[in-house]
Structures are given as C-alpha cells and as structure tokens.
Amino acid sequence: MTAARQRLDRATRRAQADGRVPALSVAVHRADRDPWTLTVGESGTGHPLDAGSRFRIGSVTKTFTAVLVLQARDEGLLDLDDPIAAHLDVPAHGTATVRRLLSHTAGYQREPHGDVWDTLVTPDDRQLLAELDRAERVLPDGRRFHYSNLGLAVLGQLVARLRGGTWASVLQERILDPLGLTETTVDPTERAVTGWLVDAYSDAARPEPPFDMRGAGPAAQLWSTARDMARWAAFLASPELVDPGARVLAPATLDEMRWPLTTRDETVWASGFGLGLILVPQGRRIVHVGHDGAMPGFLAGVYGRRGGDGNPGALGAAVLGSSGTAGEINALVHELLQASVEDDPADIVPWRPGRPAPALYRSVLGPWWGEGFPHIFSWHDGALQARGAEAPADLPPSVFRPLPDNPDILRTVSGRETGELLRLTRDPSGEVVRMHWATYRFTRRQEGFDGVWVSEGA
C-alpha cells in the first residue's frame, strides 16, 4: 500500500473508531487513478459490508433535484426567476422563485406541514402541493439563508410536472442512466445497511426506523454506495471530464450552480450555497462543492474539489455512515480530498509548444495599461487572455471570445469582467493601438483618464 493510500485508510479507520460508526463506506474518485474504496464495520444485516452496500444519503438527494431543475431551464421549460405559481397550481407561497428555492433564500419553513419527524409520515406528491397553504413563509423572500426541505421537495414536484412523469422516473432517465449510477436508487435494496442511533453514554446502539419520504422525496430519499457518490461528486466538480458529451448538463451550467448566492452564516463565512450546492472554501482559491446528508440512522458527505495545486480533475469523495450522530463522517470527506492532493498529487504535464496566435490578434499581445495599472494580454489554449501584471499566480485569467460578426469585439467569457466587451481599435496598418474593456481605455503607455502620458508630469 502506498503512503497516500495508507493515509486515506488510516483517516477512515480513525473516523469510524472515534465516531463509533457501525458501518462506514468511503470512496475517492479522480481522473488519473482507479477509484479507491474502503469499508469499515458491519452492515447490521445478513449481507457483509462491502463496496456494494447501500446507505441512505439524505439531503445529498437535493443535488440531483437541483441538476434536474437546471436541465429544465437549459431546455427552455422554465426560467430561474419564474415564480413557482407560473408552473404549479399551489394555494399559497407561489411567488417564491425557482432561484430562491434552490438557494434556500425563499423563506419557506424547513419541513412540510405537520410533525413529520414525530410521525415519520410525509405528504404524498399531491398533498405536498395541495397543503402548501398549511406551511409558513417564515421569512421574507431573499431576507437570508434558511434551509428548507420543503422548498426542494416543491422543486422536485415542479420538475415532475414539467416532464410529465414522477420525480423518480425523471431522475432515472435524465441522470442515473446517462451517468451510469447503477447503485443509486430511490428505494432501499437487499444490500441496504441498517441505520443506527448510537448511545452517547454507552456502547449500545438502536436501529432507527426506515420511512419513505413520499412527496418530500426530492429533498432526501435516495440510497447509494460510496463509489457511486464519489463519481457524482466528481461530476459536480468536473463535468467536462465525467460527462464529456454533456448528456446530463453543460459545464457552463455547473459553473452557474457553483457560484455562491448566499452565505450560511452572517458572521462566519465558512460555507455558502449556490444553486442547490453547498460551497466550502478551502483557501487559496480552492472550494469543495457538494452536499451533506442526514436521515435517521445515517449521515453522508459528498463533495468534489475545485482548484488547487496537485488536483487531477474529477476529484470527488464520498463518506457514507450508518450513524445519525457521528460528525466525524462530515469532516472526513474534506480530509480525504485534501489528503488526495497532498500525498498523491496529479502528475505534472510537460509543456509543449503550440500554435501561434492568429495574425489578427498578435498586435494585442504584451503589456497594456488600464486605470493606471499594468495588464498582460496573451494567447493560450486557443484564446486571447488577460491578467493583471501583479495578480496572484493562481488567479484565473480573463478569457475572451470574438463575436461571430465582428472579430474586433470580443466577449469576456470567464475571469474578471465576465460578460463585458473588449473593443479593439486599429491604426491604418491594422495594428491594435487602443482597446476598451468594460468601457475602460487600455493603452500601451500609462496614461491618465485625460489621455495624457503620465511621464509628461503636471
């Protein structure tokens, strides 16, 4: 066993022992290695615990529902700023927008109406919507983050209505089958492990009762294996590698889902929410993206890693445990991702000469001045790029794409000033002598806003 695998193995065994988790299953997926899996403990059933054992993943289910919503948006079936009443006949709270529900900023109460965690009975698909007037809007729209299972459940019913099926059938057809997630199911199989509540003051443990989320299933129903969930986490981080044909979702749409829309705490900005995804910054422009899950007897952590040195791409980890109280489960997934790049970093790809910049843009290359600061424009990976001359090395550059009908006007497609135009001005010989980026003038010499060369002085 390599030193890297030894670290992953030991961290997993330590979490299982310290957290007193009856059954723990973990997996790491990455683009450049075979998946790594490990199980520790016992299933609590007649089947041995192994990589094929199924655990309830709880709210990790929400990430699937969110992807289904964005699929519908990309196909023109809805707009993220549509109120749900535009698509669903609901008796109340229909002004909540799709975007607000995805980011948990719509103010919906946490659960469907009723004491669902006392009775373990949730409304069916029809009741969930018909009884929405019995639920509260506990906060004004957009006031702050407030986690809501009800909100994501409503979005799951919205997707089902738009597609003319059930949430489960749409999920199977549009995500599970295309990505080959054959070990992820709506209902438990014979390989399902037992979920436990472990006594805080002794070594006793009691099985928790299973129950069907029914109409609230789009928020927390799914069962899966760690290896399936590590692949799903890798997809959320690097869809271009896991799903190169974009059968499930375009990489640009995942970029949109990963953009932070709210923090989860007003004073400790340790994590945030995008469109259905939890974002956990790790420093140095690294973020873990995914979701945690909790159901009676189960906890789960499923995250992919974006950015950072040594990242091979499509790096995802999943930690699934059969205890409802072991916080070590949620911490371990981030430790595994960190250890993967520290002890087994991706191979360094050698640089090789490539094609030169097109003649049309060669006079753009090099240093330019804008707002008094130097910027470097360059051509890499088939595109014009720009970055501040003093920008940190790990800050991604701005990338430009020419408009189809005018090569001298380019759109910023990523990085600083995304969405803004870069306009080129040429002299009679065709040389670019001036540029305007987001309307700011860029010149070869450092000039004031009055256009005078600063070296001329006052």
Side-chain angles (χ1 to χ4, degrees), residues 22-23 25 27 39 43-68 111-112 116-117 119-129 149-150 152-161 163-197 207-233 248 291-302 318-324:
S25 182
T39 58
S43 70
T45 70
H47 294 278
L49 181 69
D50 59 27
S53 298
R54 311 291 177 90
F55 293 72
R56 198 151 197 183
I57 63 172
S59 289
V60 179
T61 302
K62 292 180 175 67
T63 62
F64 289 86
T65 297
V67 167
L68 292 175
E111 306 297 341
V116 296
W117 297 110
T119 64
L120 298 186
V121 176
T122 55
D124 61 23
D125 293 356
R126 183 195 62 79
Q127 289 174 309
L128 184 86
L129 300 178
N149 285 316
L150 174 60
L152 265 291
V154 168
L155 288 179
Q157 299 305 326
L158 169 59
V159 168
R161 187 72 55 85
R163 297 291 186 187
T166 65
W167 169 79
S169 66
V170 174
L171 172 70
Q172 189 71 46
E173 177 186 350
R174 303 192 65 85
I175 296 181
L176 301 184
D177 288 345
L179 285 185
L181 300 179
T182 59
E183 298 173 327
T184 303
T185 58
V186 171
D187 298 311
T189 70
E190 72 280 356
R191 301 301 310 279
V193 306
T194 300
W196 302 86
L197 177 63
E208 288 279 26
F211 77 105
D212 190 332
M213 293 288 286
R214 303 206 300 167
Q221 178 66 25
L222 293 179
W223 294 73
S224 191
T225 62
R227 59 191 173 196
D228 248 20
M229 287 301 93
R231 178 173 171 80
W232 176 246
V248 172
H291 216 290
D292 302 306
M295 288 292 283
F298 295 96
L299 289 174
V302 176
V319 179
L320 311 183
S322 66
S323 166

Return each pair, listed once, that meets salt bridge (charged side-chain N to carboxylate O under 4.0 Å, His left out) where at least one residue sits in residues 182-194; pairs must be two or more places apart or across chains. D50-R191, E183-R227
All side-chain contact (heavy atoms from CB on, under 4.5 Å) counterparts of P210, not counting sequence neighbours: none
Could you tell me which residues satisfy side-chain contact (heavy atoms from CB on, under 4.5 Å) with L68, sequence neighbours excluded, listed by chain and number? Q71, V159, W167, V170, L171, R174, I175
Tell me, please, which residues at least two apart from Q172 pass side chain to side chain donor-acceptor pair (under 3.5 Å). D177
Residues in side chain to side chain donor-acceptor pair (under 3.5 Å) with T122, at least two apart? none
Taking side chain to side chain donor-acceptor pair (under 3.5 Å) as the definition, give me every residue that meets it alongside T194, ordered by chain and number, with sequence neighbours left out. none
Is the backbone of G195 close enough, under 3.5 Å, to the side chain of E208 for a donor and an acceptor to pair up by distance? no
Could you state the interatomic distance from CG (L222) to CZ (R56), rounded to the nearest 0.5 Å? 9.0 Å
I need the minimum non-hydrogen distance between A216 and P112, along with the two atoms involved. CB-CG, 4.2 Å
Could you give all pairs that pass the salt bridge (charged side-chain N to carboxylate O under 4.0 Å, His left out) test and reach residues 211-220, with sequence neighbours left out? none
Using 0.5 Å steps for rounding, measure from the OG1 atom of T184 to the CG atom of D228. 3.5 Å
Applying side-chain contact (heavy atoms from CB on, under 4.5 Å), can you list everything that pairs with T39, at least two apart in sequence or on another chain? S25, L49
By side-chain contact (heavy atoms from CB on, under 4.5 Å), S169 pairs with (sequence neighbours left out) T166
For Q221 versus T61, what's the shortest heavy-atom pair and its separation? N-OG1, 3.4 Å
Using side chain to side chain donor-acceptor pair (under 3.5 Å) as the criterion, list what pairs up with N149, not counting sequence neighbours. K62, E111
The criterion is ring-ring contact (aromatic ring centres under 6.0 Å, His included); which residues satisfy it with W223, sequence neighbours excluded? F298
Could you check whether the rings of F64 and W232 sit parallel, tilted or perpendicular, using 30° and 60° as the cut-offs? parallel
